[in-house]
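In what follows, chains carry the letters A, B, and so on, assigned in the order in which the sequence lines appear, proteins first and then strands, with residues in each chain numbered from 1. Values below: every heavy atom of this structure, side chains too, minus hydrogens, waters and symmetry copies.
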Number of protein chains: 2
Amino acid sequence: MRRHDVNVYINHYIVRPSIKQVALEAGVSIATVSRLLNNPDSVSIDTAGKVNQAIEALGFRPNFTGRNLRAGRSRTVGVVVPTLSNTVFAQCLQGVELAARQRDYSVMLTATEYRQQDEAAAVELLLAHRVDGVILTVTNADASATLDVLEREQIPYVLVYNQPQESTRPSVSVDNRAAAYDAVTYLIRLGHQRIQMLAGQFHASDRAIQRYHGYLQAMQQHNLVPLEPIEVPRHTNTSLAFEYLQAFRNPSQRPSALFCSNDLLALSAMRDLRALGLRVPDDVSIMGFDGIPLGELMEPTLSSVEQPSEQIGELALRTLVTTIEEQQGGHLVVASHILPHTVRIGGSVKPFTSHR
Amino acid sequence: MRRHDVNVYINHYIVRPSIKQVALEAGVSIATVSRLLNNPDSVSIDTAGKVNQAIEALGFRPNFTGRNLRAGRSRTVGVVVPTLSNTVFAQCLQGVELAARQRDYSVMLTATEYRQQDEAAAVELLLAHRVDGVILTVTNADASATLDVLEREQIPYVLVYNQPQESTRPSVSVDNRAAAYDAVTYLIRLGHQRIQMLAGQFHASDRAIQRYHGYLQAMQQHNLVPLEPIEVPRHTNTSLAFEYLQAFRNPSQRPSALFCSNDLLALSAMRDLRALGLRVPDDVSIMGFDGIPLGELMEPTLSSVEQPSEQIGELALRTLVTTIEEQQGGHLVVASHILPHTVRIGGSVKPFTSHR
DNA sequence: ATGAAAGCGCTAACAG
DNA sequence: CTGTTAGCGCTTTCAT
């Protein structure tokens with residue numbers, strides 16, 4: 001009797017067949033069905049036939065909830081990103097998802113909108129779902145209650161973008177300080193002396209702080225006077241960054257180059273400088289950070305520190321899965337991966353010339 | 001006895017406390033613990049105290065796997081996007097995640113990289129996880145085996161970006177045809193006559209086809225000769241689009257305006273035209289589709305059909321949750337939501353002048 | 001090679 | 001207000 005594509009209803013509700021109905025249909029025990037599912041070789045060839053037929057007929061699909069409950073594992077990883085509006089996190093997530101799927105892991109996603117209190121809630125949710133591990137970017141990796149929870153609960157996790165300084169926590173990132181140092185040194189080599197940093201709120205991103213340190217180091221090492229960084233609040237979607245750049249109208253108030261803590265900021269700055277009647281790179285050179293793909297599509301192309309976002313995600317997932325699966329074996333290895341960055345040279349930066 | 005922050009180990013393995021240990025610790029039955037968790041008012045004030053104390057002491061966290069197995073629901077929705085490299089999908093996902101969290105739903109994510117066979121696998125995975133519903137963008141909403149599976153299994157789903165023509169399937173999108181029509185009509189009003197469409201592979205996106213129909217309609221209605229659309233393969237990351245635009249060197253071969261089926265393509269085209277020595281908008285006007293935020297940051301700003309991606313995601317989630325929760329009540333309402341689009345006017349388009 | 005049975009964590013009758 | 005119990009779907013001994 002062939003019942004393929006025929007659903008079973010009870011009181012209007014569709015009944016999703018379980019291993020139990022399959023067993024009944026095939027005339028075997030549920031254990032046998034389970035065996036076929038998990039270790040096909042352990043059942044005889046003709047029972048296998050019967051069971052497969054029943055599975056087909058009923059449209060059976062294993063229920064991971066039951067499996068996970070039993071196994072105490074979920075083959076699911078949680079991901080916590082600050083936002084998906086910033087391409088870097090989307091790219092990273094893309095890398096995570098791809099690598100996860102290759103390994104038959106699923107991905108549960110949460111976003112925090114850069115709110116530190118939401119980090120905790122996000123992780124709580126993931127823990128309630130019993131994810132096997134978490135990939136996340138936090139506000140401050142060196143003082144994070146959220147990470148402490150993860151440690152205490154001994155849930156494997158890997159930080160992305162965060163580069164913990166004082167603590168030894170598994171992470172995948174570029175060397176933010178060194179990358180910023182390289183970018184600023186590049187500007188200095190081109191003759192720039194008045195270089196200012198434009199950043200989001202420092203308290204919302206430890207990476208921005210590390211990049212600022214790289215800026216400072218480059219300036220000091222070349223005997224240049226660091227300028228006060230410009231800190232703009234988030235949700236400066238419109239030209240609110242505008243008000244922070246007003247001073248630039250006065251040439252003497254204006255840096256010759258602006259080092260931005262991320263590309264979104266860099267692009268906003270370019271637009272707002274333009275609105276102020278200033279030209280990039282002629283009046284101000286712009287250096288970004290992240291290396292988002294779109295930076296290369298514009299004119300002038302954006303100079304930026306390129307970090308391999310998709311790779312970061314992929315490596316984080318691989319590291320996490322390794323940790324999860326070794327955890328069974330006992331010994332945990334904490335690995336901090338620093339991936340190489342590149343200073344991408346684009347048209348938004350030009351050598352400094354005094355007679356401009 | 002206070003045991004907060006003290007983990008319980010058995011053979012090196014951490015034991016995550018269950019409702020059972022909490023009950024033991026508090027000296028009540030597991031039912032009481034469950035009640036406190038789900039309906040705090042139904043337990044006496046002092047038992048509540050004891051139980052809460054036990055929960056605190058043990059660091060208990062409810063296990064959704066058990067709960068879900070029992071309930072037959074997961075309070076989780078699955079999302080299937082073609083890719084996260086395209087900002088529109090990331091934005092949409094952002095909208096979904098935000099709205100989901102507000103309603104205490106979790107999000108499980110999968111990507112297909114525009115491979116139709118991966119759509120099926122993605123949905124299978126989500127179904128195995130017993131998600132309560134699915135939000136997805138498919139290659140072709142009118143002939144999708146994946147959607148048929150969803151229908152047959154009676155899993156609530158909502159399409160995003162897809163705008164089914166022949167079938168009546170729940171969806172949230174703009175009116176692609178009308179939007180394209182509006183964009184092209186705008187170009188025509190500006191005096192353009194040789195308008196060509198630049199698209200990704202049509203077979204990979206029903207939206208692109210609908211937009212092409214809008215293009216055709218606008219051209220025909222204004223008695224203009226439609227040009228053969230240019231179809232570029234995906235993963236034209238570098239300047240492969242280049243080869244498709246070579247003909248543009250010859251002014252007589254060149255349209256005065258290019259209507260692109262998405263913004264990524266539009267930006268790539270702008271770059272490649274530039275590389276060809278052509279100026280935008282002076283030599284060729286460019287109209288995009290999607291209205292990605294970055295389009296407004298560049299110079300010239302990108303003219304584009306703006307669709308409210310984050311809203312699309314949010315509304316899809318809301319619709320989905322409504323469906324999920326009404327499903328209990330029986331009657332299903334299939335709703336197709338068409339959200340308003342806007343032709344965003346930017347500097348990449350200028351009126352056509354013959355003496356250029 | 002197969003079956004019987006226990007139990008993962010939880011909720012919902014049901015009984016008191 | 002609280003306890004007892006069954007069972008959601010599955011895997012895994014332990015027998016046979």
**Q.** Contact list for DNA chain C against residues 34-42 of chain B - heavy-atom distance below 4.0 Å
**A.**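 Correct list: B:Ser34, B:Arg35, B:Asn38.
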Q. B:Val33 near the nucleic acid: base, sugar-phosphate alone, or nothing, with a heavy-atom cut-off under 4.0 Å?
A.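 Result for B:Val33 = nothing.
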Q: Find which nucleotide of DNA chain D each of B:Ala31 and A:Ala31 is nearest to by heavy atoms, and output the residue with the more 5' nucleotide.
A: B:Ala31
Q: Keeping to residues at least two apart or across chains, list the salt bridge (charged side-chain N to carboxylate O under 4.0 Å, His left out) pairs with something in residues 101-112 of chain A.
A: A:Glu97-A:Arg101, A:Arg101-B:Asp118
Regarding [X] and [Y], do their side chains bring together a donor and an acceptor under 3.5 Å, going by distance alone?
| X | Y | value |
| --- | --- | --- |
| B:Thr322 | B:Thr319 | no |
| B:Glu113 | A:Gln94 | yes |
| B:Ser309 | B:Tyr161 | yes |
| B:Asp148 | B:Ser144 | no |

Q.
Looking at A:Thr32, I'd like to know whether one of its side-chain N or O atoms comes within less than 4.0 Å of OP1 or OP2 on C:dA1.
A. no
Q.
If you compare every side-chain N and O of B:Thr47 against the phosphate oxygens of D:dC1 (OP1, OP2), does one of them come in below 4.0 Å?
A. no
**Q.** Residues B:Arg169, B:Glu151: salt bridge by 4.0 Å N-O rule
**A.**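 The answer is yes: the pair qualifies as a salt bridge.
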How many whole angstroms separate atom [atom1] of [X] from atom [atom2] of [N]?
| X | N | atom1 | atom2 | value |
| --- | --- | --- | --- | --- |
| B:Asp46 | D:dT2 | CG | C1' | 12 Å |
| B:Leu24 | C:dG9 | CG | P | 14 Å |
| B:Asn68 | C:dC8 | CG | P | 18 Å |

So which protein nitrogen or oxygen atoms get under 3.5 Å of nucleotides 6-9 of chain D's nitrogens or oxygens?
{"from": "D:dG7", "atom 1": "N2", "to": "B:Arg70", "atom 2": "NH1", "distance (Å)": "3.3"}
{"from": "D:dC8", "atom 1": "O2", "to": "B:Arg70", "atom 2": "N", "distance (Å)": "3.3"}
{"from": "D:dG9", "atom 1": "N2", "to": "A:Gly66", "atom 2": "O", "distance (Å)": "3.1"}

Q. If only atom types and distance count, is the side chain of A:Asn162 paired as donor or acceptor with the main-chain N or O of A:Pro164 below 3.5 Å?
A. no
Q) Considering all heavy atoms of both residues, which atom of B:Phe60 and which atom of B:Ile19 are nearest to each other, and what is their separation? A)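 Heavy-atom minimum between the residues: CE1-N, 3.4 Å.
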